[in-house]
Protein chains: 2
Amino acid sequence: MRYKTVIVDDHPIVISGIAGLLSDLENIEIVQKFESGISLLDYIEDHKIDLILMDIFLPIINGVDLCKTIKQKHPKIVIIGMSSQSERSLVMQFIQNGGNGYILKNASFDEFKNCIYKAIDGEIVFSEEVKTIISQPLSEDLERIPGLSRRERDIALLLSQGKSTQEIADDLFLSFLTVQTHRRNILQKYKMKNVAELITFLLKNNMLN
Amino acid sequence: MRYKTVIVDDHPIVISGIAGLLSDLENIEIVQKFESGISLLDYIEDHKIDLILMDIFLPIINGVDLCKTIKQKHPKIVIIGMSSQSERSLVMQFIQNGGNGYILKNASFDEFKNCIYKAIDGEIVFSEEVKTIISQPLSEDLERIPGLSRRERDIALLLSQGKSTQEIADDLFLSFLTVQTHRRNILQKYKMKNVAELITFLLKNNMLN
DNA sequence: TTTTTTTTACCTGATTACAGGTAAAAGAGC
DNA sequence: GCTCTTTTACCTGTAATCAGGTAAAAAAAA
């Protein structure tokens, strides 16, 4: 049996690179290439597909949402995500939305081939560098940081827009004193001296938006 | 004459994609492929090269510095930069350091071919999307933003670390009042209400570090 | 249901930031 | 030389933040 495979990437060069790589694999058949997720969604309704290799950073619709949409209707299709750089949270998000694996584009040809074969066999696969990314920071980066509550995030966002305590209170229909308490709690939670340090911290850790 | 060409990219897939593309061009001969700039610098001393296609985001040494180094010793080599996303300032920097062109990786095969041919003929070339990037934002993004002076950047950096006016004054051996003046000037320059808004602005525009 | 977290709210005092105006010395550019 | 920008510095007053303690609804989790 030959696995009907499609490639989704907004870089023509990358598509041709992957296509060249996959042409070595006998039981993989490339049936189509796409530069956006929209065109893939059209195609998928009328054609049988077994395997999808997709870039995560795509125009219009991103890889995570694309994966989720496809998996809802076609759970049997094996989907492998790719990107140049990667963050732990992004990889986890992709897997939680049904992805069968994640490969960094700096992976070697052998890594690519191994991952694809294992994914077809039903395994969840990661390229080497992805493995180190998702295993290491678990103890320090994500578990150490408590995370903002909904209200705290609202207030932090308004703080980053330069609003004063009074303005935030007016915006959220709260008492001045309530907002003041939230401010203090946020600062204490991360042991920050003032909003300046807090916002630097929040922005660098992508905790706003 | 066949142009001796090397490709530098830390993604094996991209290398093979470009190699596949260039194999169609009769007067281009790919003599070597590299995953980092260091190995290229070694190679270049002992071998004749006419054309280099290089990724800008490389490990250890970045594309801009690599281009500068090569051009100092070998000004006749034609160097074309590539990247996935691009900022205006980065493209300009690359050209100012001797680059002969810049192509976004989402360019079509035809764009790639055209750019390479024109670059060989001595032109400075850009792919379509790069052209729009470097022409459009001139009036709003870059010229509108005055930029921080050295001292202002020092102070802004310490502010982002949560330091108070007095602490900054102590750190930089300045009067409290001097730092206060700088703070006000920075806020006025960008019409920001307070440090919170300022730091959001500076970080989002990569104006710190 | 009980427990924990979140959200709401108040009081006080010390510290700091912000807005206004002013100005001289040093350096860069023409 | 002159001009513009930058860096340095001072004074005053108002407004806002920060740190301390306290506490009761409301919501979420156990």
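Reckoned from all heavy atoms, side chains included, excluding hydrogens, waters and symmetry mates. Within every chain, numbering begins at 1; the chains are lettered A, B, ... in the order of the sequence lines, protein sequences first and strands thereafter. This structure is a prediction, so every number in the text was calculated from the model and none was measured.
Going from atom NZ of A/Lys193 over to atom P of D/dC18 covers 13 Å, rounded to whole Å. Rounded to whole angstrom, the span from the CD atom of A/Gln166 across to the P atom of D/dT17 amounts to 9 Å. Residue A/Ile155 contributes atom CD1, which lies 13 Å from atom C1' of C/dA9 at whole-angstrom precision. Rounded to an integer number of Å, the gap from A/Ile186 CD1 to D/dA19 C1' is 16 Å. One can place NZ of B/Lys189 at 11 Å from P of D/dT5, the figure rounded to the nearest angstrom. In this structure, A/Lys191 atom NZ and D/dC18 atom P are separated by 18 Å, rounded to whole Å. Taking atom CG of residue A/Asp154 and atom P of nucleotide C/dT7, one finds them 8 Å apart after rounding to whole Å. Across the protein-nucleic acid pair, A/Gln188 atom CD and C/dT6 atom P stand 14 Å apart, rounded to whole Å.
For A/Leu174, the side-chain atoms get nearest to C/dT8 when compared with the rest of C/dC18, D/dA9, C/dT8. When distances run from any side-chain atom of B/Leu177 to the nucleotides C/dA9, D/dA9, D/dT17, the shortest one goes to D/dA9. In this structure, of D/dT7, D/dC18, C/dC18, it is C/dC18 that holds the atom nearest to the side chain of B/Val195. The side chain of B/Ser149 sits closest to D/dT6 out of C/dC18, C/dT7, D/dT6. Of the candidate nucleotides C/dT6, D/dT7, C/dA17, D/dT7 has the atom lying nearest to any side-chain atom of B/Glu152.
Within the structure, every side-chain polar atom (N or O) of B/Thr178 is placed at least 4.0 Å from both OP1 and OP2 of D/dT8. A sub-4.0 Å separation between OP1 or OP2 of D/dC10 and a side-chain N or O of B/Ser175 is present. The side chain of A/His182 contributes no N or O atom lying less than 4.0 Å from OP1 or OP2 of C/dT7.
With 3.5 Å as the limit, one finds a donor-acceptor pair spanning the side chains of B/Asn100 and B/Lys71.
Summarising the geometry of A/Ile44 relative to A/Leu41, their closest heavy-atom pair is CG2-O, 3.3 Å, with the distance given to 0.1 Å.
Summary of the strand contacts: B/Phe173 and A/Ala196 both lie near DNA chain D, and taking for each the nucleotide with the nearest heavy atom, the more 5' one is attributed to B/Phe173. Comparing A/Arg150 and B/Asn194 along DNA chain C, the residue whose closest nucleotide (by nearest heavy atom) sits nearer the 5' end is A/Arg150.
Annotation: B/Tyr102 is not in aromatic contact with B/Phe126 [ring centroid separation under 6.0 Å not met].
Contact annotation: side chain of B/Thr165 to base of C/dA17, donor-acceptor pair absent below 3.5 Å. The base of D/dG21 lies close enough to the side chain of A/Arg184 for a donor and an acceptor atom to sit less than 3.5 Å apart.
Residue pairs meeting the ring pair (Phe, Tyr, Trp, His ring centres under 6.0 Å) criterion with at least one member in residues 32-79 of chain B, sequence neighbours excluded: B/Phe34-B/Tyr43, B/Tyr43-B/His47.
In summary, A/Lys76 and A/Asp50 do not engage in a salt bridge, as defined by a charged side-chain N under 4.0 Å from a carboxylate O.
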